[in-house]
Amino acid sequence: MQKLEQLYEGKAKKVFATDDPELLIVDYKDDATAFNGLKKGTILGKGAINNRMSNFLMTLLEKEGVPTHFVKELSDRETLVKKVQIVPLEVIIRNIAAGSFTKRYGVAEGTVFDAPTIEFSYKNDDLGDPLINTYHALAMHLASIEEIELIESYAFRVNDALRAFWAKRGVTLVDFKLEFGRLSDGTIVLADEISPDTCRLWDSATGKKLDKDRFRQDLGGVEEAYSEIMHRLDEND
Ligand code: TMP
Ligand code: ASP
């Protein structure tokens with residue numbers, strides 16, 4: 001597989017063309033941003049950790065019946081993925097109140113929900129990824145109703161699988177963000193990444209935050225938290 005020209009550079013990844021029009025190479029960076037790019041920094045080793053974690057979890061999710069863009073890990077930081085057209089919706093599942101939920105609704109951080117919640121943001125940096133509902137998404141033709149229903153059912157399946165996976169490793173899955181894409185034939189697959197950048201992961205015993213909130217909130221020990229959570233992932237059941 002030949003790595004060709006760079007097609008796109010995002011906040012945390014670069015994307016390259018390959019000699020196969022249906023496949024791309026994703027290259028994970030150590031760059032970190034928060035608050036829609038207002039806060040910038042570097043988390044040493046993050047790119048390699050996010051690459052490995054995302055690939056591991058997507059492989060697990062495929063076995064649980066959630067199709068993904070993952071094809072093959074190529075190196076520490078590079079992965080071969082299926083080319084998709086991203087559905088411009090950030091799909092957020094929450095098990096426990098944290099982050100924007102606590103700010104928006106005045107609910108105390110750590111409040112455990114009776115059942116997981118789902119919400120969508122319109123993926124648009126210029127607008128600051130505003131919260132939207134299904135009717136808004138349909139009005140803007142971001143996805144069809146069939147696609148939205150499928151995405152919702154995949155997102156809850158991801159939650160069940162990842163919650164159980166992390167619980168066995170002494171980690172509580174608080175919330176996470178997913179992105180989905182369409183293959184050239186229209187099939188919906190899970191895309192982007194699943195990593196400490198896109199999930200809140202708390203140590204179940206101590207409540208210690210083992211994710212990007214350490215960077216967002218200037219809590220210190222950012223690199224240590226990323227290597228600690230990667231360590232937990234590598235633990236056997
Ligand atoms: P929030 O509480 O800030 O809305 O974040 C919910 C989840 O989504 C949390 O696990 C972090 C993740 N997230 C992203 O992956 N990208 C983003 O741009 C934002 C704002 C949140
Ligand atoms: N990655 C996002 C940004 O820079 C935000 C975040 O993860 O908090 O805007």
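Note that ligands are numbered from 1 as they come in the structure, with each ligand's atoms numbered from 1 the same way. Basis for what follows: all heavy atoms, side chains included, without hydrogens, waters or symmetry-related copies. Because the structure is predicted, anything quoted here is derived from the model rather than measured.
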Residue contacts for ligand 1, heavy atom to ligand atom, distance under 4.0 Å: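 Contacting ligand 1 under 4.0 Å are I92, R94, A98, G99, S100, D175, F176, K177, D197, T198, C199, R200, R216.
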
[X] heavy atoms, cut-off 4.0 Å: which ligand 2 atoms fall inside?
X    : result
G37  : 3 (C), 4 (O), 9 (O)
K212 : 1 (N), 6 (C), 7 (O)
K11  : 3 (C), 4 (O), 9 (O)
R216 : 6 (C), 7 (O), 8 (O)

Tell me, yes or no, whether the heavy-atom count around D114 atom CG, taken from other residues, nucleotides or ligands under 6.0 Å, exceeds 12.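 Open: at most 12 neighbouring heavy atoms sit under 6.0 Å from CG of D114.
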
Within the structure provided, determine whether K13 and D192 are in side-chain contact (heavy-atom separation under 4.5 Å).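 K13 reaches D192 side chain to side chain.
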
Protein residue, atom and distance nearest to atom 3 (C) of ligand 2, heavy-atom basis: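 That would be T33 OG1, 3.3 Å.
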
With H69, which of L80, T79, V189 fulfils side-chain contact (heavy atoms from CB on, under 4.5 Å)?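 Of the listed residues L80, T79, V189, the side-chain contact (heavy atoms from CB on, under 4.5 Å) partner of H69 is V189.
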
Salt bridge (Lys or Arg N to Asp or Glu O under 4.0 Å) contacts touching residues 122-131 (sequence neighbours left out):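 Listed once each, the pairs are K11-D125, K123-E179.
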
Would you say the ring centers of F113 and F101 fall short of 6.0 Å from each other?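 That pair passes the under 6.0 Å test.
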
Part of K39 with heavy atoms under 4.0 Å of ligand 2, whether side chain, backbone, both or neither: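 Neither part.
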
Cation-pi, F215 ring and K39 (6.0 angstrom, 45 degrees):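 Yes, K39 lies over the aromatic ring of F215.
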
Result of checking D27, D30, N50 against R77 for side-chain hydrogen bond (donor to acceptor under 3.5 Å, both in side chains):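 Running side-chain hydrogen bond (donor to acceptor under 3.5 Å, both in side chains) over D27, D30, N50 with R77 returns exactly one hit, D30.
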
What is the ring orientation for F165 with F56, classed by angle as parallel under 30°, tilted 30 to 60°, or perpendicular over 60°?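 Geometry flag for F56 against F165: tilted rings.
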
Taking every non-hydrogen atom, the tightest pair across A97 and A108: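 Where A97 meets A108 most closely, the heavy atoms are CB-O, 3.6 Å.
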
